[in-house]
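Read the structure below first, then the notes.
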Amino acid sequence: MINSKIVGLGAYVPSNIVTNDKLSEFVDTSDEWILTRTGIKERRVSIDEDTSELATRACIEALKNASIKADDVDHIIVATVSPDMFCPSVSCIVQNNIGAVNASALDINAACSGFLYGVKLANSLIKSGEAKIVLVVGAETLSKVTDWTDRRTCVLFGDAAGAAVIKATEENGIMAVHTMAEGDKWNALKIDGIPVRNPFVKAEERAHYISMNGQEVFRFATRVIVEATRKVLKKADLNISDITYIIPHQANLRIIDYASKKLGFPIEKFYINLDRYGNTSSASVPLALYEMFQEGKLKKGDKIILVGFGGGLTYGATLIEW
Ligand code: COA
């Protein structure tokens, strides 16, 4: 039977660090407020690198770690809500940058759940026999769609990219996937942009920035992080006690804390790096997985749940055996 497995990881974050204190210099907030309400201490903000550049660097490292040549890649899937431009896709620019001449390439938009949606697609492509090697990338420069005068959102987000090489194998790898959307709440988190339904109408002044109903998203996130985790456990016929780590979307420490209590899964077994990067949307889960790998935390046979939620509203989870 064909399975799919993550065989290489890469990540890249811009070098420019913006601390909570730095933010407090130009917006009415404080380190104390941000830290206690979210757990975030600092985030990375790109100065001159676009999403495709972050994604490219993450992909090059992931391929190197997987010992796979770029021209062996069959598909590139980039999950992003902050592409370089409407067209072409970030994935086509990445394809050119890394020399993946035999790959097809497309972007997907499932906001902060994007990487998990990408893993689900890669898993399906591999299991159907359509592909042997798929690069799944989450990459964002949210800084360019952040309203730096809006303290309700600008303290939350950051820029980053994370990439995974997923390969056909007979070993255990991706054991269960689940994604879902609740489009009735589409209005809770959005980046309007120019009005494409009528481009002759002038866009509202701040329409190209992220706007969010924080409390509605918070309620959604705390519910679905638990639901999605339970769903993949059920699909894989496992119990929470079989799980070594949960890698959650890095949005807010309070959301992770809630999930820990509700699932009866110790907080120490959730990987957390949001204090250093904030919410990097589709990049957050692969960046966290990459850091765990770099820190030598992942052992063969470990069962790990990746789980996320975001704009759409969307959510998803994946259960993998390392
Ligand atoms: N600094 C200081 N004060 C701030 C602030 C900031 N950065 N942002 C908001 N406030 C103020 C508000 O104006 C409000 O003041 P008021 O009571 O005088 O009106 C007060 O703090 C409380 O605001 P509230 O929105 O109720 O805070 P909260 O506890 O809900 O925390 C979020 C706000 C955004 C951190 C929280 O709702 C959240 O994390 N939601 C989920 C968001 C998310 O994960 N989004 C991404 C999904 S992928």
Side-chain angles (χ1 to χ4, degrees), residues 18-43 45 79-82 108-118 138-143 145-160 162 179-183 185-191 209-228 247-260 270 272-275 277-288 306-317:
V18 177
T19 61
N20 291 346
D21 284 336
K22 185 78 196 162
L23 276 180
S24 314
E25 288 174 16
F26 56 87
V27 67
D28 182 16
T29 190
S30 65
D31 178 50
E32 201 260 331
W33 192 97
I34 302 169
L35 200 53
T36 51
R37 298 285 178 127
T38 71
I40 299 166
K41 293 181 182 156
E42 59 188 41
R43 72 283 297 138
V45 174
T80 186
V81 290
S82 49
I108 57 169
N109 174 345
C112 305
S113 319
F115 179 77
L116 297 159
Y117 271 67
E140 307 284 1
T141 44
L142 292 173
S143 56
V145 288
T146 295
D147 181 349
W148 291 103
T149 66
D150 178 9
R151 69 176 183 176
R152 292 165 305 166
T153 53
C154 78
V155 302
L156 303 176
F157 300 103
D159 300 340
T179 56
M180 193 47 66
E182 294 184 9
K185 291 179 267 300
W186 65 271
N187 216 12
L189 176 47
K190 52 184 185 166
I191 310 168
Y209 293 132
I210 299 169
S211 63
M212 182 178 67
N213 178 335
Q215 290 182 2
E216 186 175 359
V217 176
F218 193 92
R219 279 193 300 276
F220 168 79
T222 45
R223 172 170 58 84
V224 298
I225 193 171
V226 174
E227 276 177 24
I247 304 182
H249 172 46
Q250 308 284 316
N252 188 320
L253 191 54
R254 284 156 55 209
I255 295 172
I256 300 171
D257 213 30
Y258 175 91
S260 162
F270 283 82
I272 295 164
N273 64 7
L274 62 85
D275 51 325
Y277 303 118
N279 178 348
T280 59
S281 190
S282 65
S284 102
V285 169
L287 173 61
L306 317 177
V307 58
F309 49 84
L313 297 175
T314 55
Y315 64 98

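Both ligands and their constituent atoms are indexed starting at 1 by order of listing. Starting from 1, each residue takes its place in the sequence as its number.
Between the R151 side chain and the T29 main chain, no donor and acceptor come within less than 3.5 Å of each other. Judged by distance alone, the side chain of T280 and the main-chain N or O of G158 form no donor-acceptor pair under 3.5 Å.
Near N279, with a cut-off below 4.0 Å to any heavy atom, the atoms of ligand 1 are 46 (C), 48 (S). Which parts of ligand 1 touch G310 is read off a 4.0 Å heavy-atom cut-off, strictly below it: atoms 48 (S). When each atom of ligand 1 is checked for a heavy atom of Q215 under 4.0 Å away, the hits are 24 (P), 25 (O), 26 (O), 30 (O), 37 (O). Taking every heavy atom of H249 and a limit of under 4.0 angstrom, the matching atoms of ligand 1 come to 48 (S). Residue A251 approaches ligand 1 through these ligand atoms, each under 4.0 Å from one of its heavy atoms: 44 (O). Interface atoms of ligand 1 facing F309, defined by a heavy-atom separation under 4.0 Å, are 48 (S). Of all atoms in ligand 1, listed by their number and element, those nearer than 4.0 Å to a heavy atom of V155 are 7 (N). Below 4.0 Å from some heavy atom of C112 lie the following atoms of ligand 1, by number and element: 48 (S).
At under 3.5 Å, a nitrogen or oxygen of N252, whether backbone or side chain, sits near a nitrogen or oxygen of ligand 1.
Nearest-residue assignment for atom 11 (C) of ligand 1 (options E216, R152, R151, E32; heavy-atom criterion): R151. Nearest-heavy-atom check against atom 35 (C) of ligand 1 across T38, V217, L253 picks out T38. If you check each of R254, M212, R37, R219 against atom 42 (C) of ligand 1, the one with the closest non-hydrogen atom is M212.
For W33, every heavy-atom contact with ligand 1 shorter than 4.0 Å involves the side chain, none the backbone.
Side-chain contact between Q250 and L287 is absent, with no heavy-atom pair separated by less than 4.5 Å. For the pair T149 and V27, the minimum side-chain heavy-atom distance is 4.5 Å or more. Looking only at side-chain heavy atoms (C-beta outward), K185 and R219 stay at 4.5 Å or farther from each other. Residues L274 and N252 are not in side-chain contact: their nearest non-hydrogen atoms beyond the backbone lie 4.5 Å or more apart.
Annotation for T222 and I225: closest pair O-CG2, 3.5 Å, computed over non-hydrogen atoms. Taking every heavy atom of both residues into account, V81 and S281 meet most closely at CG2-OG, 4.1 Å. Shortest non-hydrogen contact noted between S113 and T314 is OG-OG1, 2.7 Å.
The protein reaches atom 6 (C) of ligand 1 closely, with a heavy atom under 4.0 angstrom from it. By the definition of a contact as any protein heavy atom under 4.0 Å away, atom 17 (O) of ligand 1 is not in contact. Within the 4.0 Å cut-off (strictly below), a protein heavy atom is located near atom 21 (O) of ligand 1. Inside a 4.0 Å radius of atom 45 (N) of ligand 1 there is at least one protein heavy atom.
Between the side chains of E140 and T80, at least one donor-acceptor pair of N or O atoms lies under 3.5 Å.
Protein heavy atom closest to atom 1 (N) of ligand 1, with residue, atom name and distance, is T29 OG1, 2.6 Å. Atom 41 (C) of ligand 1 has its closest protein heavy atom at G214 O, 3.4 Å.
Ligand 1 does not have I34 within reach: every non-hydrogen atom of the residue lies 4.0 Å or more from it.
The side-chain contact (heavy atoms from CB on, under 4.5 Å) test with V45 singles out one residue from L142, T141, V18, and that residue is V18. Each of N279, D275, T146, N20 was checked for a side chain to side chain donor-acceptor pair (under 3.5 Å) with R43, and the lone residue meeting it is N20.
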